[in-house]
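Notes follow the structure.
Protein chains get the first letters and strands the later ones, always in sequence-line order, with residue 1 at the start of each.
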Amino acid sequence: MREHNPLRCILPPNVLDRLARSDDPDLRASALDALRIDARFRIARAESASRTGGRTTAPVTFARIGGAPNRTIYDQEHGSSQTLGRVVRAEGQPETDDIAATEAYEGLGRTYEYYWSTFQRDSIDGQGRTLHGCVHQGENYPNAFWDGRAMFFGDGDGQMLTRTTAGVDVIGHELTHGVTQYEANLVYSGQSGALNESVSDVFGIQVKQRALGQDVTTSDWLIGADIVGPALQPALRSMKDPGQANPHDDQPATMDDYVPGGDVHTNSGIPNRAFYVLATTLGGNAWDAAGPIWYAALRDARLTPTATFQEFARLTLRNALMIYGQTSSEADAVRGSWEAVQVPL
Amino acid sequence: MRIRVRRVGGIAGNIALAAELDTAQLPASDATRLEGALEALPWGAPAGVPPHPDAFRYEVDLPDEPGRGTAVLEESDVGGDMDLLRTHLQSDGVIESRRRPG
Ligand SMILES: [Zn+2]
C-alpha cells in the first residue's frame, strides 16, 4: 500500500515548487509527487469548466479523488428567500439537535453514495460539486425543490406534507434534478418535463432502496411516503401503480390515459411504471441493471432537452443492447417495459 | 370581487390545491390592496416554463370576469399585496380531485 502523502492535500503550488527544489531527497520526492497530482486535478477542472451547456462528456474523476461528499447545510430560518441561509453544518462536523439539518445531511450523503457506488459519479456534476441543503425554507412550506444551485426543504403544512427532509427518496429526487441539469437538461414542460420528473423519481427510489437495503421485491415503490400528511396518505406517487398513491393522485399508468397538457408530475407516471416493470422483470436490486440502463440513456448525447417518451424509450433500448448484447434478457426486458405502458419503440 | 386561485406544481405536483376568496369579506384596506394588485397581473398571458423543477405556480381567475382569462404567477410573484391570496390558499384551500374514475 502506498503511503499517504500529506503534501498533496494542504500546500499551495508555489510552496510545493519550492519544496521540489529542496536538498532533502524525501521531501523533494513528495513535493514532485504532489505536484503531479495537482496538475492532473487542475487539467480536469479546466476541461470541465471549458464545456458549455448542460451535458458533460464524462464525469472527470480519478480513482484517488472522489468518493466522499462535500455537504453544507443551511438554516433558512423560515424565510422565503433563495439566498443561502446560516451555515449549521459543514462536511465532517458533528450533528446538531436540528432533525431537519441532520436528515438533510444524511440524505445528501445517501444520494452521493448511490451515484458514486453505482456510477462512480462524483456528485451531481461529476466534478465533486458541493451539495448545498437549505432547511426550514418558508413558513409551513409544503414543498422541496432544487433551484439549479441548492436544495431547499420546507417543514410542511402538516396536512399535505410534513417535514420534507424525512424522505430520503425526496432528497434523491431533488438531487437528481441537479444531475439531469448537468446531463440532458430536459426542458421542464410537456413530455420532456415529465421525463425530467420521472428520472428524479427513478433515481430517488433507488437511493431509498439502497439506503434501506431493499431489492425490487421488498421496495414499496412509493415516492414521498415519509413526507405526506394525513391528506395525501399513503404517498405522493406510486411507481408500481401510478394513479393509486393517494385519493387525489391523477397519474396515468399507460399512454392510453396520457393527460394532454397535464402537469409534469402527472404524466411522469408512464415512464415511472416502465422503470418499475423493467426492474421487477430483471429482479435483484434496481441498480444492478435497470438503473444503469436508465442512467446511460440520460447521459446519451442523443437525448435532447425536448425528448419525447418514445425518444427516451428508444435510447434505453439502444443502451441496453450496447451494454448487455443483442440477445440479452436485459434488452428484452426493456422492450417489455415500454410495451407495458404502450410507448412504441 | 371573487377570486379563484389554484396552486399547482411543487414536488406534489400531481395534486392541486384550490380556494376562492371574496374581497368583500376582507377588511377594506386589504381588499383595496389586493384588488389593486390584481389589476397588474398578466391576464391571459401564456405560462412560461417554471423557473426551476418542483416550483409552485399559482393560477388566478376572476369568476365574474371570465373574459380576462387566467393569470399564471410564479412563487416570486406571490409576495407583497398578493401574499393575501397565498395565505388564504394555505389556510382554506381544498385539494382538487382530478383522479380519473376507475
Ligand atoms: Zn421534481
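- In the model, N14(B) has no side-chain atom that pairs as donor or acceptor with a side-chain atom of D250(A) under 3.5 Å.
- Of the atoms belonging to N267(A), not a single heavy atom falls under 4.5 Å from chain B.
- In this structure, a donor-acceptor pair under 3.5 Å is present between the side chains of Y141(A) and E75(B).
- Of the atoms belonging to L161(A), it is side-chain heavy atoms, and not backbone ones, that fall under 4.5 Å from chain B.
- Counting heavy atoms from C-beta on, the side chains of I11(B) and I223(A) never come closer than 4.5 Å.
- Classification of the H52(B)-F145(A) ring pair by plane angle, with boundaries at 30° and 60°, yields parallel.
- Proximity of a side-chain donor or acceptor of H265(A) to a complementary backbone N or O of G10(B) within less than 3.5 Å is detected.
- Using a 4.5 Å cut-off between heavy atoms, R57(B) makes no contact with chain A at all.
- Counting all heavy atoms, side chain and backbone alike, L236(A) lies closest to A12(B) at CD2-CB, 3.4 Å.
- Between P142(A) and Q90(B) there is a side-chain heavy-atom pair separated by less than 4.5 Å.
- Minimum interatomic distance between P53(B) and Y188(A) (heavy atoms only, all atoms of both residues): CA-CZ, 3.5 Å.
- Atom CE of M160(A) sits about 4.5 Å away from atom CD1 of I95(B), to the nearest 0.5 Å.
- Counted within 6.0 Å of CZ on R110(A), heavy atoms from surrounding residues, nucleotides or ligands total 12 or fewer; the atom is thus considered open.
- Note that CG of D54(B) is 13.0 Å distant from CZ of F152(A), once rounded to the nearest 0.5 Å.
- Proximity to chain B is limited to the backbone of E139(A), based on heavy atoms less than 4.5 angstrom apart.
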